[in-house]
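Just dropping this structure here.
These figures come from a predicted structure and were not determined experimentally.
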Amino acid sequence: MWYIMDAEQGAFLYYGFKTEISKEEFEKRIQEDTLLEVLNAVPVQKGDVLFIESGTIHAIGKGILIAEIQQNSNVTYRVYDYGRVGKDGKKRDLHIEKALAVTNRVPIVKDKSSYPHVADCDYFTVDKLNLDGTFMKKMEGTVSEASFASILILDGEGTIKNNGETLTFKKGESFFLTAGSGIYTVEGSCDALVTTIREKAAPVRIGIDISSTTTKVGLVDIHQKLIANVSIDTKAERPAEKVIEEIARTTLGILEEQGIAMDQCVGVGIGVPGTVDSKKGVVRYSNNIKWENVNLAEKMGEYLPVPIRIANDADWATLGEAVAGAGKECQDVIMLTLGTGVGGGIILDGKIYEGKGLGGSELGHMVIVENGQQCTCGRKGCLEAYASAAALKRDVKRATGKDLTPEEIFRAAADGDEKLRQVVQSYIGKLGTGIINIINIFRPQLVILGGGIAAQGETLLVPLRKMMRTGCFGGEKGELPEIEAAALGSDAGMIGAASLL
């Protein structure tokens, strides 16, 4: 917020654009040093106020004294510097690419939404104090535990009392009253700005779930509920930079559509198939989307200036089910996603377990049949080669010569098709073997099945529970986990991706 304390005749500030301009024109004018021609020059005089939201291009003109109140911030992108050079004779760096990504390129509409305050937002509330020394010569307030009070004297003089101490003041001085300091009194003839912080609006986290075909972007509230979400085609055949840019712009679009400022966002969580270095934010290798050594967190950060975390998509989906779905009452959860492949996620003591090195927790790539079917990972006999939807359809094709969906396969088997019944029985047997291996190693409280095949529900779960009772170490004498279908469906990845922020 800028409060104009004094201004020469004809003084002005740059505040947004005169008319809406395209990103291409914005970039061209920066390069050609013609940007000032399209900026909105606002004449100002003493007492004027401009509230500058994130993404607003702005600059102070000459002959102006302002009082500035702002959130704690160290991100400013410079797009024009009036041709000035430093002591080294060089121009200062510009931040063109980052500014292009976040600048609001439409005219700013001033409104009175802060009334009765001078300015009001999640980061500060500013009120004006006017004492004329006669009719209004004294003001008393209270500083509670909820917020400090910062008092900036714009003009005049007087005294301020707080906690048994009395100090005099004059124009230009300021006072900081710590939270909980109680009653204070300002007396004299003065104008002042009083700044406090009100309760912040509920934070929002962004969850992004990337697959080879579809990318889902969701906004998640503090109750692990999706506020809004949108799906786009991933088009993974494009360069990674183009995919990331479209995802980022889609995210910015859904925030704008919901009227949520970037300041309200805690951060972004992104789920990606493949081998992910979550600490460095790098996708080491993803066969599904053909990425190799892509610094996803850094590139996404060029568009979304908030903390960004990435992880394997199966890990995120498992976390989503653990915090808001079928496993929300459990601390130790294993999830298998039965889709194009077989993904797996492990939650131990409420936290994702990824192993000590990259490529851990790949439950779909345990071998259950020595020298068995070829797996996409290069080995033979993996669980994925038998328990994925692709494997089920492959075996049905071999048995019947037909291309059927998992739904059609299970329905026909239940209706008495003997060939399909045998394929389904074999499929459940191989899946059960993998699940029993996992239980014997981790002994979780709950095993969750996700992905398209999990939609078969009890048709799939009843025989698996029977296998667990006889196949798990200790049988029913041990502590057998529950086994359930996922509850969140395709929303699990978005909610899980947002949950570690």
Have Thr234 and Thr215 got a donor and an acceptor in their side chains that come within less than 3.5 Å? yes
Exceeds 12 heavy-atom contacts within 6.0 angstrom, atom CD of Glu97: no
Do Leu363 and Ile346 come close enough that some side-chain heavy atom pair is under 4.5 Å? yes
Does Lys128 NZ have over 12 foreign heavy atoms under 6.0 Å away? yes
Aromatic rings Phe169 and Phe175: how do their planes relate, parallel, tilted or perpendicular, breaks at 30° and 60°? perpendicular
Got Asp332 and Asp349 here, is their nearest side-chain heavy-atom distance under 4.5 Å? yes
Residues Met300, Ile270; criterion side-chain contact (heavy atoms from CB on, under 4.5 Å); working and verdict: CA-CA 10 Å; Met300 192 66 75; Ile270 308 174; 4.0 Å; yes
Partner of Glu25 by side-chain hydrogen bond (donor to acceptor under 3.5 Å, both in side chains), out of Lys23, Arg29, Lys28: Arg29
N/O donor-acceptor pair under 3.5 Å between Asp155 side chain and Lys171 backbone: no
Which pairs pass ring-ring contact (aromatic ring centres under 6.0 Å, His included) with one or both residues in residues 135-155, sequence neighbours excluded? Phe148-Phe176
Would you say CD of Glu157 has more than 12 non-hydrogen atoms from neighbouring residues, nucleotides or ligands within 6.0 angstrom? no
When you look at CZ of Arg309, are more than 12 heavy atoms from neighbouring residues, nucleotides or ligands closer to it than 6.0 Å? no
What is the distance from atom CG of Asn40 to atom OG1 of Thr19, rounded to the nearest 0.5 Å? 9.5 Å
How many angstroms lie between NZ in Lys328 and CD in Glu321, if you round to the nearest 0.5 Å? 10.5 Å
If we count only N and O atoms by modelled type, under 3.5 Å, do the side chains of Asn163 and Ser181 hold a donor and an acceptor together? no
Could you work out, with side chain to side chain donor-acceptor pair (under 3.5 Å) as the rule, every residue matching Glu257, not counting sequence neighbours? none
Any chance you could lay out the salt bridge (charged side-chain N to carboxylate O under 4.0 Å, His left out) test for Lys46 and Asp191, step after step, and finish with the verdict? CA-CA 12 Å; Lys46 183 177 180 179; Asp191 293 332; 5.9 Å; no
Is atom CG of Asn293 surrounded by more than 12 heavy atoms (other residues, nucleotides or ligands) closer than 6.0 Å? yes
Non-hydrogen atoms of Glu362 and Asn312 that approach each other most closely: OE2-ND2, 4.1 Å
Any Arg205 side-chain heavy atom under 4.5 Å of Gln224 side chain: yes
Is it the case that the side chains of Asp132 and Thr134 hold a donor-acceptor pair, with the cut-off being a distance below 3.5 Å and no angle test? yes
Using modelled atom types only, decide if a donor and an acceptor are shared between the side chain of Tyr15 and the backbone of Phe51 within a distance under 3.5 Å. yes
Tell me whether the count of non-hydrogen atoms from other residues, nucleotides or ligands lying under 6.0 Å of CD in Gln258 goes above 12. yes
Just verifying a value: how many Å separate Ser144 OG and Ile183 CD1, rounded to the nearest 0.5 Å? 12.0 Å
Backbone of Ile197 reached by a side-chain donor or acceptor of Ser147 within 3.5 Å: yes
Taking everything shown except Glu237 itself, do over 12 heavy atoms lie less than 6.0 Å from its CD? yes
